Protein chains: 2
Amino acid sequence: MQDILFDFISKYVSLTEDEKNAIVSLDIFRSVKKGTTLLKKGQKSNDSYFVLKGCIRTYYVIDEEEKTTAFYTEMEALTPPCVISKTPSEYYISCIEDSILLVSNSDMEEEINSKFPKFEIMCKVLSEELLAKQQIDFDAFKTSSPEQRYLNLLQKRPDLIQRVPQHQLASYLGIKPQSLSRLRARILEKKS
Amino acid sequence: MQDILFDFISKYVSLTEDEKNAIVSLDIFRSVKKGTTLLKKGQKSNDSYFVLKGCIRTYYVIDEEEKTTAFYTEMEALTPPCVISKTPSEYYISCIEDSILLVSNSDMEEEINSKFPKFEIMCKVLSEELLAKQQIDFDAFKTSSPEQRYLNLLQKRPDLIQRVPQHQLASYLGIKPQSLSRLRARILEKKS
DNA sequence: CGTATTTCTTAACTTAAGTGAACGAGTTAT
DNA sequence: ATAACTCGTTCACTTAAGTTAAGAAATACG
């Protein structure tokens with residue numbers, strides 16, 4: 001399971017056995033059951049997550065309705081904005097499959113960073129990459145219709161459509177569950 | 001004019017006179033006339049921008065139509081995704097007011113970074129902050145209707161509504177110019 | 001200065017998403 | 001086993017955005 005982590009890291013920097021051991025000894029792997037809430041609105045937190053296996057989602061509650069804004073699956077990392085801004089969280093994070101996560105807090109990161117400067121470099125590269133990626137995703141969302149967004153998702157992350165409940169997918173696409181059903185029916189009709 | 005830059009930097013790290021001089025001597029301030037295209041689709045570039053005065057926008061051309069995805073005004077920085085991924089740009093950048101920009105390329109940044117490690121730290125903090133900010137903006141976009149987005153913009157960046165052409169604003173909100181006109185009329189009606 | 005062009009608004013009509021309700025299938029709890 | 005829920009779909013109706021077209025207002029330019 002740790003291999004997934006080191007596979008990921010090796011894309012950015014190469015680690016010695018010592019360094020790997022130092023990371024493992026931090027003991028930050030955590031098993032989480034489906035349905036667990038990792039963070040609630042209003043809470044403060046210093047935790048960042050990296051998904052080794054499973055899927056977590058972030059959502060807001062607006063007018064008593066859940067609005068899902070993101071899904072994180074294998075090899076994806078999430079540092080909630082509230083960790084950066086040191087303010088109470090605006091949203092919830094919950095686990096939608098039994099998952100294995102890496103949970104790290106700011107202190108640990110500082111410790112690792114000071115021991116292994118490589119890490120600092122990796123973090124910088126990573127956040128720049130994520131920023132660029134998010135910009136592209138945001139642009140794609142803005143410039144397309146719900147139907148195009150769905151077709152795009154079907155291309156880019158077909159697994160999500162299988163493993164995630166429809167009503168969560170719908171709000172991720174910016175529409176209601178009924179509209180997603182209809183939209184899918186429309187697409188099927190067009191094909192035939 | 002340089003003061004704006006140093007005001008901005010001072011939020012993150014404090015600079016000595018020597019350091020300030022080193023930056024000024026890079027000679028990266030650039031005056032740009034309204035209408036100038038800074039980057040075209042398909043071009044490669046290493047340039048990042050920081051707006052000292054004026055306004056620039058990024059836009060895609062999809063089906064022969066411009067889709068504006070972002071505006072950058074005073075004290076805002078833009079590193080296009082193509083600079084990070086080292087691939088040809090997917091979008092255009094153009095200047096919508098006579099502006100004064102700071103244009104830096106990767107080489108310069110490396111030079112500055114190696115001379116003044118402070119800078120590296122600032123860049124890391126900056127990109128983490130930007131990432132968190134973008135996440136929040138993206139979430140707000142996904143979870144609201146065009147009308148709510150407009151009202152939100154009116155709160156957060158009222159200047160934009162004054163200084164930017166309506167049809168660019170409309171596509172920034174994810175709708176057509178006609179819909180923006182209608183939506184504004186609707187809001188006025190409600191108020192009365 | 002006047003003409004051309006761009007920009008913004010309005011209107012009528014079409015299309016797609018929101019809303020409220022109902023139904024069946026599958027799940028959970030008791 | 002059955003009642004209570006959740007989830008996805010469908011339907012009829014409402015509301016808002018897309019589309020096409022036209023005209024007014026502002027801007028650019030020769």
Side-chain angles (χ1 to χ4, degrees), chain A residues 33-37 55 57 59-68 71 94-98 141-154 160-192, chain B residues 33-37 55 57 59-68 71 94-98 141-154 160-192:
Chain A
K33 276 257 166 296
K34 175 177 174 173
T36 309
T37 299
C55 182
R57 71 186 250 263
Y59 64 96
Y60 293 73
V61 175
I62 298 173
D63 296 335
E64 295 164 26
E65 231 187 319
E66 289 187 8
K67 302 258 189 177
T68 298
F71 299 102
S94 89
C95 197
I96 61 178
E97 292 175 0
D98 290 349
F141 192 93
K142 267 197 226 177
T143 58
S144 53
S145 66
E147 184 171 329
Q148 288 170 320
R149 278 174 219 150
Y150 176 77
L151 292 170
N152 189 44
L153 196 66
L154 211 53
L160 271 192
I161 293 171
Q162 301 308 318
R163 65 205 282 196
V164 164
Q166 296 296 308
H167 64 279
Q168 289 174 13
L169 254 191
S171 86
Y172 178 66
L173 294 170
I175 56 177
K176 303 283 159 184
Q178 298 93 320
S179 298
L180 178 54
S181 275
R182 183 167 39 193
L183 179 159
R184 297 174 71 164
R186 206 164 58 218
I187 290 171
L188 280 176
E189 228 178 58
K190 280 183 195 167
K191 277 190 188 166
S192 62
Chain B
K33 275 257 167 296
K34 175 176 175 174
T36 309
T37 298
C55 182
R57 71 186 248 262
Y59 64 97
Y60 293 74
V61 174
I62 298 172
D63 297 334
E64 295 165 26
E65 232 186 319
E66 289 187 8
K67 303 258 190 177
T68 298
F71 299 102
S94 89
C95 198
I96 62 177
E97 292 174 1
D98 290 349
F141 192 93
K142 268 197 225 176
T143 59
S144 53
S145 65
E147 185 171 327
Q148 289 170 319
R149 279 175 218 148
Y150 176 77
L151 292 170
N152 188 43
L153 196 66
L154 210 53
L160 271 191
I161 292 171
Q162 301 308 319
R163 66 204 283 196
V164 164
Q166 298 295 308
H167 63 280
Q168 289 174 12
L169 255 191
S171 86
Y172 178 67
L173 295 170
I175 57 177
K176 303 284 161 185
Q178 298 92 318
S179 298
L180 178 54
S181 276
R182 182 166 39 194
L183 180 159
R184 297 174 71 166
R186 205 164 58 219
I187 291 171
L188 280 177
E189 228 177 57
K190 280 183 194 168
K191 277 190 187 166
S192 63

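These figures come from a predicted structure and were not determined experimentally. Below, all heavy atoms of this structure are taken into account, side chains as well, without hydrogens, waters or symmetry copies. Chain identifiers are assigned alphabetically (A, B, ...) following the order of the sequence lines, protein sequences preceding nucleic acid strands; residue numbering begins at 1 within each chain.
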Practice task
With the side chain counted from C-beta on, respond yes when Cys95(A) and Lys34(A) share a heavy-atom pair under 4.5 Å apart, and no when they do not.
Solution key: no
Exercise for the section: For Pro177(B) and for Arg182(B), find the nucleotide of DNA chain C with the closest heavy atom, then tell me which residue's nucleotide is more 5'. Expected result: Pro177(B)
Problem - For atom NZ of Lys142(B) and atom C1' of dA17(C), their distance in whole Å - result: 18 Å
Problem - Presence of Ser181(B) side-chain N/O under 4.0 Å of dC8(C) phosphate oxygens OP1/OP2 - result: no
Handout entry: Separation of dT10(C) P from Gln166(B) CD (nearest whole Å)
Key = 12 Å
Handout entry: d(NZ, Lys176(B); C1', dA11(C)) in whole Å
Key = 18 Å
Practice task
Report yes if some heavy atom in the side chain of Tyr59(B) is under 4.5 Å from a heavy atom in the side chain of Gln168(B); otherwise report no.
Solution key: no
Problem - Spacing of Asp63(A) atom CG relative to dT19(C) atom C1', expressed in whole Å - result: 14 Å
Problem - Whole-Å distance separating the CZ atom of Arg184(B) from the C1' atom of dT10(C) - result: 14 Å
Handout entry: Side-chain touch Pro146(A)/Leu173(A), heavy atoms, less than 4.5 angstrom
Key = no
Handout entry: Axis deviation across the helix from dC1(C)-dG30(D) to dT30(C)-dA1(D), five-pair ends, to the nearest 10°
Key = 50°
Exercise for the section: Would you mind reading off the distance between His167(A) atom NE2 and dT19(C) atom P, rounded to a whole angstrom? Expected result: 16 Å
Problem - Closest non-hydrogen atom pair between Ile187(B) and Tyr150(B), with its separation - result: CD1-CD2, 3.6 Å
Problem - Atom pair distance, as rounded to whole Å: CD1 in Ile161(B) and C1' in dT7(C) - result: 17 Å
Problem - Closest approach of Thr143(B) to Gln148(B) (non-hydrogen atoms, all atoms of both residues) - result: O-OE1, 4.2 Å
Handout entry: Cation over ring face, Arg149(A) and Phe141(A), 6.0 Å, 45°
Key = yes
Handout entry: Test item: Arg57(A) and Ser94(A) side chains (from C-beta on) under 4.5 Å apart, heavy atoms
Key = yes
Exercise for the section: For Leu183(B) and for Lys34(B), find the nucleotide of DNA chain D with the closest heavy atom, then tell me which residue's nucleotide is more 5'. Expected result: Leu183(B)
Practice task
Salt-bridge test for Glu147(B) and Arg184(B): reply yes if a basic N is under 4.0 Å from a carboxylate O, no otherwise.
Solution key: no
Handout entry: Leading and trailing nucleotides of DNA chain D with any atom under 4.0 Å from heavy atoms of chain A
Key = dC7(D) to dT10(D)
Problem - Protein-nucleotide distance (Leu169(B), atom CG; dC8(C), atom C1'), rounded to Å - result: 12 Å
Practice task
Answer yes or no: is there a side-chain heavy-atom contact under 4.5 Å between Gln166(B) and Leu180(B)?
Solution key: yes
Nucleotide N/O of nucleotides 21-30 of chain C paired with protein N/O under 3.5 Å:
none

Handout entry: Atom pair OG (Ser145(A)) and CG (Leu151(A)), whose distance is rounded to the nearest 0.5 Å
Key = 8.0 Å
Handout entry: Atom pair OG/CZ of Ser179(A) and Arg186(A) - distance to nearest 0.5 Å
Key = 8.5 Å
